[in-house]
Amino acid sequence: MMRLERLSTIAAAMVLMAVAAPLSADPVDDQLVVNGELELATDAPAPEHLQDRMSTIYSGWRFRDTETRDMQRDDFDNAMFLTVDAGIDLWNTPDGATNQSCADCHNDIEESMRGIRAAMPRVTEDGELWSIENFVNDCRENRMEAEPWGWNSNQMKQMTAAIALQSRGMPVAVEIDGEAAEFWERGREMYYTRFGQLEMSCANCHEDNQGNYIRSDHLSQGQINGFPLYRLKDQGPVSIHQRFRGCVRDTRGETFAAGSQEFRELELYVASRGLGLPIESPAVRH
């Protein structure tokens with residue numbers, strides 16, 4: 001046991017040394033044009049609440065290698081479109097005791113869901129902060145009388161990917177004032193809070209070391225405008241909260257549950273760091 005503890009301490013020290021002295025590399029100078037026709041901006045002036053920390057915000061696409069960037073340039077090569085297509089099938093499939101589909105209430109997904117992903121998460125009429133997954137399950141339970149889907153289930157990722165596609169190219173438009181302000185403040189506090197045995201916060205990687213290489217990973221700003229996305233490391237679709245859980249685990253900390261109040265507040269704050277960037281989903285990342 002003593003030897004294992006010693007090895008763990010050494011490993012942690014090595015990670016901290018890597019963070020302290022990373023190899024530097026700027027985001028690549030490249031332009032994202034999807035299918036040869038849809039140009040998506042991958043940088044923008046930092047939103048006002050970030051201007052004391054950085055002048056420019058960058059899409060995570062700018063921090064990936066050539067092969068990964070190319071996968072997102074062409075919907076035919078983008079593996080995430082298998083998930084999107086499955087989501088569109090779900091949209092049109094009746095379910096639950098009412099035997100209704102999403103299309104029965106919302107009609108065509110392209111029109112009714114346009115702009116929805118860009119504004120998520122948002123505060124409901126009851127004053128609760130909901131992510132897109134909350135709205136999906138609310139419809140399933142209260143309108144379709146169907147079983148809710150797990151936050152990171154295949155069906156939920158398929159549906160949210162199909163919905164997110166309808167906002168592709170639209171600017172991130174989350175509200176952070178008014179009723180949303182208290183949630184945003186708590187999300188901001190969480191972003192700068194150190195977690196785990198490594199005592200690292202989100203900001204330690206995605207703000208302090210953006211652009212640097214750590215353990216062969218080119219650290220991005222952690223923008224979430226491409227989620228849900230296809231992650232090559234996972235060989236499948238990944239949700240925002242799934243990635244949050246992975247980041248907290250990397251600090252060797254006890255993580256929060258997907259869909260938790262903490263992660264919804266963090267999602268709002270992180271989304272607000274991308275104000276000025278367009279929705280890219282379905283994106284491709286490492």
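Please read all numbers here as calculations on a predicted model, not as lab measurements.
- Side-chain contact between Gln158 and Asp89 is absent, with no heavy atoms from C-beta onward closer than 4.5 Å.
- Crowding of Glu179 atom CD: a count of heavy atoms from other residues, nucleotides or ligands under 6.0 Å not exceeding 12.
- Contact between Ser201 and Tyr191 at its shortest, heavy atoms only, is CB-O, 3.5 Å.
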Going through the checks in order, is the salt bridge (charged side-chain N to carboxylate O under 4.0 Å, His left out) test met by Asp75 and Arg168? CA-CA 12 Å; Asp75 289 349; Arg168 186 165 63 172; 3.0 Å; yes
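- Counting only heavy atoms from C-beta outward, the side chains of Gln223 and Val172 never approach each other to under 4.5 Å.
- Side-chain N/O atoms of Ser239 and Asn152 include a donor and acceptor closer than 3.5 Å.
- Between the side chains of Arg273 and Tyr269, at least one donor N or O lies within less than 3.5 Å of an accepting N or O.
- Enclosure of atom CD in Glu175 is not indicated, since only 12 or fewer non-hydrogen atoms of other residues, nucleotides or ligands lie within 6.0 angstrom.
- For the side-chain contact (heavy atoms from CB on, under 4.5 Å) criterion with Phe256, the lone passing option out of His241, Glu262, Arg245 is Glu262.
- The main-chain N or O of Asp138 is never found under 3.5 Å from a side-chain atom of Arg143 such that the two would form a donor-acceptor pair.
- Under the 4.0 Å criterion applied to side-chain N and carboxylate O atoms, Asp30 and Arg73 are assigned as salt-bridge partners.
- Expressed to the nearest 0.5 Å, how far CD of Glu125 lies from CH2 of Trp130 amounts to 10.0 Å.
- Side-chain contact between Met54 and Gln210 is present, with heavy atoms from C-beta onward closer than 4.5 Å.
- To the nearest 0.5 Å, atoms OG (Ser131) and CD1 (Ile240) are separated by 7.0 Å.
- Salt bridge Arg186/Glu182: present, at least one basic N to carboxylate O contact under 4.0 Å.
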Mind running side chain to side chain contact (heavy atoms under 4.5 Å, CB included) on Arg252 and Phe195 for me, showing each step along the way? CA-CA 8 Å; Arg252 297 185 184 173; Phe195 287 91; over 6 Å; no
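- For the pair Leu129/Pro121, a side-chain contact is recorded, criterion being any heavy-atom separation below 4.5 Å from C-beta on.
- Here the OH-OG1 distance, from Tyr58 to Thr42, works out to 9.0 Å after rounding to the nearest 0.5 Å.
- Taking CD1 from Ile109 and CH2 from Trp91, the interatomic distance works out to 5.0 Å, rounded to the nearest 0.5 Å.
- The neighbour count for Asp29 CG, taken as heavy atoms of other residues, nucleotides or ligands under 6.0 Å away, does not exceed 12.
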How far apart are the C-alpha atoms of Phe63 and Leu219, what are their side-chain angles, what is the distance that settles it, and do they pass the side chain to side chain contact (heavy atoms under 4.5 Å, CB included) test? CA-CA 7 Å; Phe63 295 83; Leu219 288 175; over 6 Å; no
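- At least one donor-acceptor pair closer than 3.5 Å links the side chain of Arg117 to the backbone N or O of Phe227.
- Distance alone, capped at 3.5 Å, places no donor-acceptor pair between the Ser101 side chain and the Pro94 backbone.
- The environment of Glu189 atom CD is sparse: at most 12 non-hydrogen atoms of other residues, nucleotides or ligands sit within 6.0 angstrom.
- Atom CD of Gln51 sits in a crowded spot, with more than 12 heavy atoms from other residues, nucleotides or ligands closer than 6.0 Å.
- Residues His206 and Ser220 are in side-chain contact: their nearest non-hydrogen atoms beyond the backbone lie under 4.5 Å apart.
- Note that the CZ atom of Arg140 and the CD atom of Glu145 stand 12.0 Å from one another [nearest 0.5 Å].
- How far NE2 of His218 is from CG of Asn212: 7.5 Å, rounded to the nearest 0.5 Å.
- Put simply, the side chain of Gln235 gets close to the backbone of Leu232: a donor and an acceptor are under 3.5 Å apart.
- Taking 4.5 Å as the limit, some side-chain heavy atom of Gln72 sits within range of a side-chain heavy atom of Arg285.
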Evaluate the criterion side chain to side chain contact (heavy atoms under 4.5 Å, CB included) for residue pair Val136 and Glu133; output intermediate values, then yes/no. CA-CA 5 Å; Val136 169; Glu133 290 87 348; 5.6 Å; no
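- Residues Trp61 and Leu40 fail the side-chain proximity criterion, which asks for heavy atoms closer than 4.5 Å.
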